[in-house]
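Side-chain atoms are counted along with the backbone in the values below, which use heavy atoms only and exclude waters and symmetry mates. When a ligand or atom number is given, it counts from 1 through the structure's own listing order.
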Amino acid sequence: MRKKKITIPDILQMKQEHSRISMLTSYDYPFTRIMDAAGVDIILVGDSVGVVVAGHETTLPVTMDEMLYHVRAVRRAEPKALVVADMPFMSYQISIEEACRNCGRMIKEGGAEAVKIEGGMNMAHVIRAVSSIDIPVMGHVGLTPQSIHRMGGYKVQGRMGQADRIVEDAHAVQAAGAFSVVLEGIPARLAARISSELSIPTIGIGAGPECDGQVLVIHDILGLCEKYSPKFVKRYAELEPIISAAVRQYVSEVKDGTFPTPEHSFS
Ligand code: KIV
């Protein structure tokens, strides 16, 4: 098990050393405890919690209070991994003041060590302001799920003459002071180009193998999200049938009286 806490300088150094960065989402204490012991570098408390845990169709309904609840639960596992809190829709778009206050709450009340903000050139002023008060920011460009209505669905971005805009977004995020940037849902060649041009680490999701790191949603890799199965997800386990079999057996043993036994009873 890892002994040392992972910090922002460690993440920056990993790019210098060509050591790939592993990031996964987590929303609670038990998953964080398990994945931290398994050696993940960054834990993202993603607003994907709204889809994979709360059952919403999109990430848009997720609130600050809901995110804070999950960030605190993750922190209680005292992970060695860097903890990044996703900023929910409308928590950072209205004004710089509100963005700084809400990002500050994630650090101060939630215990996160960095925040993630979706957007490129359009959000550079926010990233600059938040970074300038020493709150480390992870950017997020390409397919930004909070922009689902503008994009008309979860569609690959950066095709058909749009590549330069994504490159400019990534550069704007870096120039504004972000310590890393998520590249989501863009062609692998474009992600490779951005990763070689930027000095900060790129973390890809559906962005091919040439990023400095990779991120996936934990429920997706464990086979716990039947709603969506995007092409970029690799399932490392199929937990649904295992959970289903355990629950069936419990129900059947309660019904036929084989649970509880004296072993599970007090004398
Ligand atoms: O909310 C989330 O989980 C994310 C990642 C998938 C990048 O933003």
Atom pairs and distances, ligand 1 N/O vs protein N/O under 3.5 Å:
from     : atom 1 : to     : atom 2 : distance (Å)
ligand 1 : 1 (O)  : Asp47  : N      : 3.2
ligand 1 : 1 (O)  : Asp47  : OD1    : 2.9
ligand 1 : 1 (O)  : Ser48  : N      : 3.0
ligand 1 : 1 (O)  : Ser48  : OG     : 3.3
ligand 1 : 1 (O)  : Asp86  : OD2    : 3.0
ligand 1 : 3 (O)  : Ser48  : OG     : 2.5
ligand 1 : 8 (O)  : Lys116 : NZ     : 3.0

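Scored by the side chain to side chain donor-acceptor pair (under 3.5 Å) test, Glu17 finds Gln13 as partners (sequence neighbours excluded). In terms of the side chain to side chain contact (heavy atoms under 4.5 Å, CB included) criterion, residue partners of Glu109 (sequence neighbours excluded) are, by chain and number, Leu68, Arg72, Arg105.
Between Tyr29 and His70, a ring centre-to-centre spacing not shorter than 6.0 Å is recorded.
Sorted by first then second residue, the side-chain hydrogen bond (donor to acceptor under 3.5 Å, both in side chains) pairs that include residues 150-165, not counting sequence neighbours, are Arg165-Asp169.
The closest side-chain donor-acceptor pair between Asp41 and Ser22 falls under 3.5 angstrom. A donor-acceptor contact closer than 3.5 angstrom links the side chains of Ser48 and Tyr27.
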